[in-house]
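Presented below is the structure to which this report refers.
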Amino acid sequence: MSEFFQTLQADFIKCFITKDRWKLIWDGLGSTLQITLFACLMGIAIGLVVAVIRSTYDKNGKEMRNGAAKALLSVVNWICNVYLTVIRGTPVVVQLMIMYYIVFASSRNSVMIAVVAFGINSGAYVAEIFRSGIMSIDQGQFEAGRSLGFGYISTMLYIVFPQAFKSVLPTLANEFIVLLKETSVAGYVAIQDLTKGGDIIRGATYETFMPLLTVAAIYLILVIFFTRLVSILERRLRNSER
Amino acid sequence: MNDNVIIRTENLCKYYGEKIHALEMVNAEIKKGEVVVVIGPSGSGKSTFLRSLNLLETATSGKVYFEGVDITDPKVNINIHRQKMGMVFQQFNLFPHMTVLKNLTLAPMKLKGMKAEKAEELALRMLDKVGLKDRANAYPSQLSGGQKQRVAIVRALCMNPEVMLFDEPTSALDPEMVGEVLQVMKDLAKEGMTMVVVTHEMGFAKEVADRVIFMAEGAIIEEGTPDEIFSNPGDERTQGFLKSVLNV
């Protein structure tokens with residue numbers, strides 16, 4: 001038994017202490033969090049815009065008078081649909097490589113490229129989450145806002161969004177967790193994220209157990225921590241109603 | 001045109017597809033200070049008519065004039081005019097994520113630029129009138145149906161509207177709560193508020209209405225004082241309807 005712990009200790013020193021290899025994990029964690037955070041913000045921004053366009057079209061497209069506004073909405077809605085279809089229909093690794101090798105071929109700021117790629121990818125999923133939230137709000141809420149004299153956007157802002165956000169929060173949190181873990185493919189485009197950091201250690205030390213399980217544990221801890229945070233937020237939002 | 005007319009509809013039609021004619025050439029006038037009650041069997045278009053008045057329902061053809069302005073004109077900013085037309089819904093439609101007080105102050109603050117203290121003072125005074133001052137900090141889910149509807153009425157009144165539209169305000173209520181809501185509406189009528197009320201409460205129509213409009217199949221069949229309509233209906237559809245609602 002003590003022999004086992006001694007090997008473990010030796011492995012640990014080899015993998016993390018020697019040559020300051022822990023820095024690979026630490027820096028990788030930094031990149032992973034950075035990419036996840038900014039991609040998430042970007043995804044929410046894109047998702048919000050796409051969701052508003054799509055739900056506006058779903059709700060009012062048929063009722064609208066023919067004219068410039070209707071034509072514009074139809075075109076924009078069509079663009080959103082193409083975006084959703086393409087992004088959800090192709091693997092995120094491929095999208096990431098397209099961004100890296102084709103779209104931003106002249107740039108070598110790979111973290112920025114990853115943020116854009118993951119942000120655009122996440123936006124498609126967030127858009128559908130938000131849209132389902134907006135559509136789940138009773139039409140009467142919307143009419144009540146309009147009847148008081150609020151415009152379309154103000155009604156969305158003050159009345160529909162706050163309620164929709166509350167109802168989609170669990171699904172949105174799930175999307176964030178998926179995103180965090182999906183960034184582990186960033187190594188494909190020469191980004192040294194958490195997974196890549198562990199993998200470099202594996203390559204340098206020929207140890208598999210220690211680096212991979214450490215990386216897995218760090219992801220797990222991040223997800224558990226984040227899940228806790230969301231359930232606290234959820235409880236607080238629910239409290240405001242009772 | 002008579003200055004006293006606040007809302008006038010001109011050949012209002014609403015079609016859903018080819019077959020369904022929800023409104024068929026409806027011409028109506030609402031005068032200032034008048035309480036008009038719209039009755040009729042379900043599916044007669046009375047709710048559609050009411051909702052067309054503030055353009056929650058866009059008419060297929062025809063015009064709606066509010067204070068002399070054709071608000072069906074796409075160039076008109078409808079939001080400005082809606083501020084002067086309060087609306088009360090069958091399903092209350094209070095904002096569930098806000099307290100009663102927030103529900104009442106939201107529109108006056110955001111749309112009229114009223115200061116928070118002034119808006120709250122106004123809201124509390126109005127709440128007091130309907131006996132709900134002590135519920136100001138409750139959330140809608142904590143209120144009874146009757147309380148919700150009274151709050152909904154106050155929410156519309158806080159915008160100081162020229163006219164109030166009621167879309168079956170008591171139809172979703174438990175019977176014992178109908179009275180409290182009707183009382184608020186009666187008080188409002190006494191204060192001289194212009195009201196258009198779609199309702200099945202014939203007692204309210206008899207007692208409070210200045211004029212009763214009977215609709216069927218998307219058209220106005222007849223209109224007159226409550227006396228004329230209830231004691232001496234001209235059209236046989238009116239007679240049939242009144243028989244079925246009054247002789248239960």
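Proteins get letters first, then strands, A, B, ... in listed order; numbering begins at 1 in each. Bear in mind the structure is a predicted one, so any value in this text is a computation, not a measurement.
Remark: Q141(A) CD to Q91(B) CD distance equals 11.0 Å, nearest 0.5 Å. For the atom pair F165(A) CZ and H97(B) NE2, the distance stands at 13.0 Å (nearest 0.5 Å). Here Y152(A) contributes atom OH and N79(B) contributes atom CG; the two are 13.0 Å apart, rounded to the nearest 0.5 Å.
Within a 6.0 Å sphere centred on CZ of F38(A), heavy atoms belonging to other residues, nucleotides or ligands number 12 at most. Atom NZ of K118(B) sits in a sparse spot, with 12 or fewer heavy atoms from other residues, nucleotides or ligands closer than 6.0 Å. Atom NZ of K112(B) has more than 12 heavy atoms from other residues, nucleotides or ligands within 6.0 Å. Within a 6.0 Å radius of CD1 in I153(A), no more than 12 heavy atoms belonging to other residues, nucleotides or ligands are found. Annotation for Y188(A): atom OH does not count as buried by contact number, only 12 or fewer foreign heavy atoms lying within 6.0 Å.
Looking at Q83(B), its side chain never comes within 3.5 Å of a backbone N or O of S147(A) through a donor-acceptor pair.
Only the backbone of M85(B) comes within contact range of chain A, with heavy atoms under 4.5 Å apart. In this structure, chain A has a heavy atom under 4.5 Å from the side chain of R51(B), while its backbone stays farther away. With a 4.5 Å cut-off on non-hydrogen atoms, L106(B) touches chain A through its backbone and its side chain both. For a residue to count as touching a neighbouring chain, one of its non-hydrogen atoms must lie under 4.5 Å from one of that chain's; by this rule F95(B) touches chain A with backbone and side chain alike.
Counting heavy-atom pairs closer than 4.5 Å to chain A, the top residue among I78(B), T99(B), L94(B) is L94(B). Interface remark: of the candidates A107(B), A156(B), P140(B), A107(B) forms the most heavy-atom pairs closer than 4.5 Å to chain A.
Here the shortest heavy-atom pairing between L148(A) and M159(B) reads O-CE, 3.8 Å. Listed here is the closest heavy atom pair of Y158(A) and M98(B): O-CE, 3.6 Å.
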